[in-house]
Asks: 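Before we start, here is the structure in question, set down as structure tokens.
Because only heavy atoms are used, hydrogens play no part in the values below, and waters and symmetry mates are left out as well, while side chains stay in. Lettering of chains follows the sequences in order, A, B, ..., and the numbering in each one begins at 1. Just so it is clear, the structure is predicted and the values come from calculations on it, not from any experiment.
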Protein chains: 2
Amino acid sequence: MKQITVIKGDILQRKGDINTKAYIVESGLLRSYSIDDKGKEHIYMFGPENWLVADICESNTPCQLYIDVIEDAVLTVASKEELMERGPDIDALLRRLNTMQARIIMLMSSNALERYEHFVQTYPNIIQRVPLKMIASYLGITPEALSRVRHQLTQRK
Amino acid sequence: MKQITVIKGDILQRKGDINTKAYIVESGLLRSYSIDDKGKEHIYMFGPENWLVADICESNTPCQLYIDVIEDAVLTVASKEELMERGPDIDALLRRLNTMQARIIMLMSSNALERYEHFVQTYPNIIQRVPLKMIASYLGITPEALSRVRHQLTQRK
DNA sequence: TTCATTTCTTGATGTACATCAAGGCAGGGG
DNA sequence: CCCCTGCCTTGATGTACATCAAGAAATGAA
């Protein structure tokens, strides 16, 4: 349980690592993502200030995700056991479940335009801080498709 | 906190209901799903024996999901508050988060064939108990697409 | 500043899956 | 028992988004 400072580009966790840490973001911005067999990145989650970023996996089993640093950041690092001892924040867990539920439903039922509009409304602060290609990756579409969606939106006004 | 018996077709919860219950499945099979603006159903989760089925939403706010009965079932019904008092099962919560994480990654990176193969491996017991069109709905594809994927697989042998 | 790298855009083409339509089959209710 | 309804499949066509390619604009390092 300590604080560390990391800079843009640092990689905190790779797929396959075991007994990975949990990171509480004090300042800066992280992302967690997977890389599929075709080499494509899929952003699973952004981690802005006050966010808890961690791969949820059992002790001693390899994790699924990469985690790296998008903006220079100050982090509190803890083992998952430490977090548990301090009394897990049930409310935070439930909110996270809720977020993921909404994400799953959106991935199944929304097209590119609807996903982007939802993202803008839900994370207005993130959108100015990351390149659009990362937004695209989070939304599950290509940068080209996102570019065209945004073009559409400005035309429509 | 009581036990109830329900039959195929019963609807336990509709989108917009508030202060909804949590259902522990003693026997039988439930499903939770959303209906999008085009009227299409998207299955969010199947609830077989020993599963906890509940919409994760704050008290007094409308829920997102429908829940209904696929196979006649015996359920233990509890308010979410009751569940909390009995000490929430952190491990179960984490496992559920893990499942959803895997689902999100799959929805973003896998095609119809890969999704189906993964489902067969992960839920071999569910697949014999529900119509294929529900599997399709869970996978985020149409029944027609699923039919063609399965045809492909049998040919390949 | 200058050069290199990354990001974003735009166009042309490709493709996986959706949609629409129709027929065969099985199960359940009357 | 029969009929109706829901399920599954198959074919024809449509479409949203991916892929490929190239150039302009922004960013950053030396």
Side-chain angles (χ1 to χ4, degrees), chain A residues 7-11 29 31 33 35-43 46 68-72 106-120 126-157, chain B residues 7-11 29 31 33-43 46 68-72 106-120 126-156:
Chain A
I7 64 170
K8 184 175 172 176
D10 282 356
I11 299 183
L29 185 59
R31 85 216 243 241
Y33 58 100
I35 300 184
D36 68 24
D37 27 318
K38 293 141 217 147
K40 262 182 73 172
E41 287 178 14
H42 303 275
I43 293 184
F46 291 109
D68 69 11
V69 181
I70 299 181
E71 285 175 6
D72 297 359
M106 218 194 45
L107 284 171
M108 291 204 295
S109 59
S110 297
N111 62 22
L113 175 61
E114 292 162 341
R115 290 181 200 183
Y116 176 68
E117 287 181 319
H118 182 265
F119 184 87
V120 170
I126 302 269
I127 209 168
Q128 292 129 23
R129 295 168 64 183
V130 306
L132 289 172
K133 62 173 202 165
M134 287 192 189
I135 309 284
S137 170
Y138 180 89
L139 297 178
I141 61 178
T142 58
E144 293 94 328
L146 178 57
S147 176
R148 285 183 247 262
V149 159
R150 284 162 53 88
H151 181 75
Q152 232 184 290
L153 278 176
T154 61
Q155 294 295 301
R156 184 175 295 179
K157 293 279 158 65
Chain B
I7 64 169
K8 184 174 173 174
D10 282 356
I11 299 183
L29 184 59
R31 85 214 242 242
Y33 57 102
S34 72
I35 300 184
D36 67 26
D37 26 316
K38 293 140 218 147
K40 262 182 75 173
E41 287 179 12
H42 303 275
I43 293 184
F46 292 108
D68 70 11
V69 181
I70 299 181
E71 285 176 5
D72 297 359
M106 217 192 46
L107 284 171
M108 292 203 296
S109 58
S110 296
N111 63 21
L113 175 62
E114 292 162 341
R115 290 180 201 184
Y116 176 67
E117 287 181 321
H118 181 265
F119 184 88
V120 171
I126 301 270
I127 208 166
Q128 292 130 21
R129 294 167 66 182
V130 305
L132 289 173
K133 62 173 201 165
M134 288 195 188
I135 309 284
S137 170
Y138 180 89
L139 298 178
I141 62 178
T142 58
E144 292 94 328
L146 177 57
S147 176
R148 285 183 247 262
V149 159
R150 285 163 50 88
H151 180 74
Q152 232 184 290
L153 279 175
T154 59
Q155 292 297 301
R156 186 175 294 177

Asks: Between P131(B) and R148(B), name the one whose nearest nucleotide on DNA chain D is closer to the 5' end.
Replies: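 Going by which nucleotide is closer to the 5' end, it is P131(B).
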Asks: Side chain to side chain contact (heavy atoms under 4.5 Å, CB included) for Q152(B) and R148(B)? Distances and angles first, verdict last.
Replies: CA-CA 6 Å; Q152(B) 232 184 290; R148(B) 285 183 247 262; 5.8 Å; no
Asks: Take the protein atom CE of M134(A) and the nucleotide atom P of dT6(C), then report the distance between them rounded to whole Å.
Replies: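 Result: 12 Å.
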Asks: How long is the line joining CD1 of I70(A) and P of dT27(D), in whole Å?
Replies: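 My rounded result for the distance is 17 Å.
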Asks: From dT9(D), dC17(C), dC17(D), pick the nucleotide closest to the side chain of L132(B)?
Replies: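 Looking only at heavy atoms from C-beta outward on L132(B), the closest nucleotide is dT9(D).
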Asks: Round to a whole Å and report the spacing from CD1 of I7(A) to P of dA29(D).
Replies: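 After rounding, the gap between these two atoms is 10 Å.
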Asks: Specify the separation, in whole Å, of atom CD of E114(A) and atom C1' of dA16(D).
Replies: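 It is 12 Å, rounded to the nearest whole Å.
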Asks: Go through dC17(C), dT10(C), dT9(C) for me and flag the one nearest to the A145(B) side chain.
Replies: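 Among the listed nucleotides, the one closest to the side chain of A145(B) is dC17(C).
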Asks: Can you tell me if the side-chain N/O atoms of H151(A) get under 4.0 Å from OP1 or OP2 in dT9(C)?
Replies: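 Negative; the distance criterion is not met.
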Asks: Strictly below 4.0 Å, heavy-atom distances to any atom of DNA chain D: list the hits from residues 36-43 of chain A, or just say none.
Replies: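 Heavy-atom contacts with DNA chain D come from K40(A).
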Asks: Under 4.0 Å between a Lys/Arg side-chain N and an Asp/Glu carboxylate O for R31(A) and E71(A)?
Replies: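 So R31(A) does not pair with E71(A) through a salt bridge.
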Asks: So, is T142(A) near the phosphate of dA18(D), with a side-chain N or O under 4.0 Å from OP1 or OP2?
Replies: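 True: T142(A) side-chain N/O within range (under 4.0 Å) of dA18(D) OP1/OP2.
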Asks: Can you check side chain to side chain contact (heavy atoms under 4.5 Å, CB included) on V69(A) and I7(A), steps first, answer last?
Replies: CA-CA 6 Å; V69(A) 181; I7(A) 64 170; 5.9 Å; no
Asks: Figure out the CZ/P separation between R129(A) and dT27(D), and round it to whole Å.
Replies: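 About 17 Å, once rounded to whole Å.
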Asks: Counting only N and O atoms by type, is there a donor-acceptor contact under 3.5 Å from the side chain of D72(A) to the main-chain atoms of K8(A)?
Replies: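 A pair under 3.5 Å: yes.
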Asks: Provide, to the nearest angstrom, the distance between the CG atom belonging to L113(B) and the P atom belonging to dA16(C).
Replies: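 That distance rounds to 11 Å.
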Asks: Under the criterion side chain to side chain contact (heavy atoms under 4.5 Å, CB included), I'd like the reasoning laid out for Y138(A) against L146(A): C-alpha separation, chi angles, the key distance, then a yes or no.
Replies: CA-CA 11 Å; Y138(A) 180 89; L146(A) 178 57; over 6 Å; no
Asks: Determine whether a donor-acceptor pair (N or O, by modelled atom type, separation under 3.5 Å) exists between the side chain of S109(A) and the backbone of D36(B).
Replies: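 Checking the backbone N and O of D36(B) against the side chain of S109(A), no donor-acceptor pair under 3.5 Å is found.
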Asks: Rounded to whole Å, please give me the gap between CD in Q152(A) and C1' in dT9(C).
Replies: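 Taking CD of Q152(A) and C1' of dT9(C), I get 15 Å after rounding.
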Asks: To the nearest Å, give me how far apart NZ (K133(B)) and P (dT5(D)) are.
Replies: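 Atom-to-atom, K133(B) to dT5(D), this comes out as 15 Å.
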Asks: Can you sort out the partners of S110(A) under side-chain contact (heavy atoms from CB on, under 4.5 Å), two or more places apart, ordered by chain and number?
Replies: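 So S110(A) forms a side-chain contact (heavy atoms from CB on, under 4.5 Å) with M106(A), E114(A), R115(A).
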Asks: Ignoring hydrogens and geometry beyond distance, is the side chain of E144(A) in donor-acceptor contact with the base of dC20(D) at under 3.5 Å?
Replies: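 Counting by modelled atom types and ignoring angles, a donor-acceptor contact under 3.5 Å is found here.
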